[in-house]
Enquirer: 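After the C-alpha cells below, expect a handful of questions from me.
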Amino acid sequence: MTTVAAGRLRPRRSCLAVPGSNPRFLEKAQGLPSDQVFLDLEDACAPLVKERARHMIVDALNNGDWGGKIRVVRVNDWTTHWTYRDVVTVVEEAGPNLDCVMLPKVADAAQVTALDLLLTQIEKTMGFEVGRIGIEAQIETAAGLEHVGAIAASSSRLETIVFGPADFMASIGMRSLVVGEQPAGYAADAYHYILMRILMAARAHDLQAIDGPYLQVRDADGFGAVARRSAALGYDGKWVLHPDQIAAANEIFSPSQDDYDHAELILDAYDWCTSAAGGARGSAMLGDEMIDEASRKMAVVIAGKGRAAGLRRTSVFEPPQG
Ligand code: GLV
Ligand code: MG
C-alpha cells in the first residue's frame, strides 16, 4: 500500500501536465515515461468544460493504466467557485486511484488547511484511509512567497512545494513574457531568490521542491538550461508540458553516474572509518578527499536520488591497507 511517507520519497523528476478536458492527452499520457502526471482542471481547462473535465478525469483515474506514476489532479484555486466541487467530485469518485491534489495559487497556510479538512471529511465519509491523499502546494504569487514557510508547515499531507513561474511573473510584474527566461536589462538571475526561498521552506519541512513549466516546448536547449538551474540548487524535478521534455527532465534531475558512484563510495568509506575495523574514527581519507559526518549527509542525498532513479553502482569501496 502507498503510504504518504512512501509517496514523498518517490521521484518526481518529470511532472507531466495533462489538460483534464482532452481525452486524447488523457489516454496518451498513460504510456509516457514521466514520474508523475497531473490532470489539470485549472488553467489548461476552459471554464465551460471544467464540469465535464471532472468526470473525464475520474474516468481516466479509475479505468486508465498509469503504470506506477504518481497520479495528481490540479483543482482550481480557492478564489474561484470551482474548488470544492473539483475536490468533492474527483476524490469521492476516484480517491483510491489518486495520490495527491495540487492546489494552485496558494496565498497562505489557511488555504492548505481548508483543503486538508475537506479531504479528511471526504475520506471519512467514503471509508477511505484518512490522510493518504497528499497535497502539492503551488507558489505563484507574491503573497504565496511571503507566506511559504507557514504554508510548508501547514499540513502533514503536504508532499511538494511547486514554483509556478508564469503566474508568478505576472504577479510581481516581471518584465518578460518568456516563462523562466531572464528579463532584459538585469544582469543576474532574476529567479534565484524565489527558487531558493521555496527550496528553503520545502527542505525545512522535509518536502520536495518542484520547478514549474517551460512554455517554449520546441526549445530543448532553453528547457535544459532552465531545468539545470533548479536541479543544481537541489530541486527534485520540473514540470513537463510536452513528451519531448520528459527524457531531458529525467536525466537532468537524476545524479550523473560519476556523482552517484562517488556518493556511494563516501557512504562506504564513512561506514568503514567509523567502524571498529576502521579505527572508529570520525573522519577518513577517500583518495585525496577528507570525509566526515557532513560529507555523509551530502552523500545520502545524492545516493538516495540515484537509487530512486534506478542507477547501479559501477565502483566498489576498497578499505585502505595498513
Ligand atoms: C504554473 O501554474 C505557472 O503559473 O507557471
Ligand atoms: Mg499557474
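Just so you know, ligand 1 is whichever comes first in the structure, and atom 1 is the first atom listed for that ligand. FYI, the numbering just counts along the sequence from 1.
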Enquirer: If the cut-off is 4.0 Å to any non-hydrogen atom of Gln138, which atoms of ligand 1 fall inside it?
Expert: 1 (C), 2 (O)
Enquirer: Mind listing the side-chain donor-acceptor pairs of residues 163-170 below 3.5 Å, one per line with the distance, residues two or more places apart or on another chain?
Expert:
| from | atom 1 | to | atom 2 | distance (Å) |
| --- | --- | --- | --- | --- |
| Asp167 | OD2 | Lys105 | NZ | 3.3 |

Enquirer: Taking a cutoff of less than 4.0 Å between a non-hydrogen atom of the residue and any ligand atom, is Trp239 in contact with ligand 1?
Expert: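 Flag set, Trp239 near ligand 1.
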Enquirer: Specify which N/O/S atom of Asp167 comes nearest to the Mg ion (ligand 2), by atom name.
Expert: OD2
Enquirer: Run the contact test for Arg74 against ligand 1 with a 4.0 Å cut-off on heavy atoms, strictly below, and give the result.
Expert: yes
Enquirer: Is a donor on one side and an acceptor on the other found under 3.5 Å between the side chain of Asn250 and the backbone of Ser34?
Expert: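 A pair under 3.5 Å: no.
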Enquirer: For Glu42, is at least one N or O under 3.5 Å away from an N or O on ligand 1?
Expert: no
Enquirer: Just checking: Glu42, one of its N/O/S atoms, less than 2.8 Å away from the Mg ion (ligand 2), yes or no?
Expert: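 Of the N, O and S atoms in Glu42, none lies under 2.8 Å from the Mg ion (ligand 2), which means no.
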Enquirer: Polar-atom distance check: Pro165 versus ligand 1, any N or O pair below 3.5 Å?
Expert: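 N/O-N/O distance under 3.5 Å: yes.
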Enquirer: List the steps, then state whether side chain to side chain contact (heavy atoms under 4.5 Å, CB included) holds for Phe253 with Asp35.
Expert: CA-CA 11 Å; Phe253 288 92; Asp35 289 338; over 6 Å; no
Enquirer: Tell me whether Arg203 at atom CZ has more than 12 heavy atoms from other residues, nucleotides or ligands lying less than 6.0 Å away.
Expert: yes
Enquirer: Of all heavy-atom pairs between Gly131 and Arg157, which one has the smallest distance, and what is that distance?
Expert: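 Looking at all heavy atoms of both residues, the closest pair is CA-NH1, 3.4 Å.
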Enquirer: Give the atom name of whichever N/O/S atom in Glu140 sits closest to the Mg ion (ligand 2).
Expert: OE1
Enquirer: Within the structure, does Glu140 bring an N/O atom to less than 3.5 angstrom of an N/O atom in ligand 1?
Expert: yes
Enquirer: For Asp167, counting its heavy atoms only, list the atoms of ligand 1 lying under 4.0 Å from any of them.
Expert: 3 (C), 4 (O), 5 (O)
Enquirer: Does a side chain donor of either Tyr235 or Gln208 reach within less than 3.5 Å of an acceptor in the other side chain?
Expert: no
Enquirer: Just need the protein heavy atom nearest to atom 5 (O) of ligand 1, so name the residue and atom and give the distance.
Expert: Ala166 N, 2.7 Å
Enquirer: Using heavy atoms and a 4.0 Å limit, tell me yes or no: is Pro213 in contact with ligand 1?
Expert: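 Heavy atoms of Pro213 do come under 4.0 Å of ligand 1.
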Enquirer: Please check if any side-chain donor atom of Asp77 sits under 3.5 Å from a side-chain acceptor atom of Thr80, or the reverse.
Expert: no
Enquirer: Does a side chain donor of either Gln138 or Arg74 reach within less than 3.5 Å of an acceptor in the other side chain?
Expert: yes
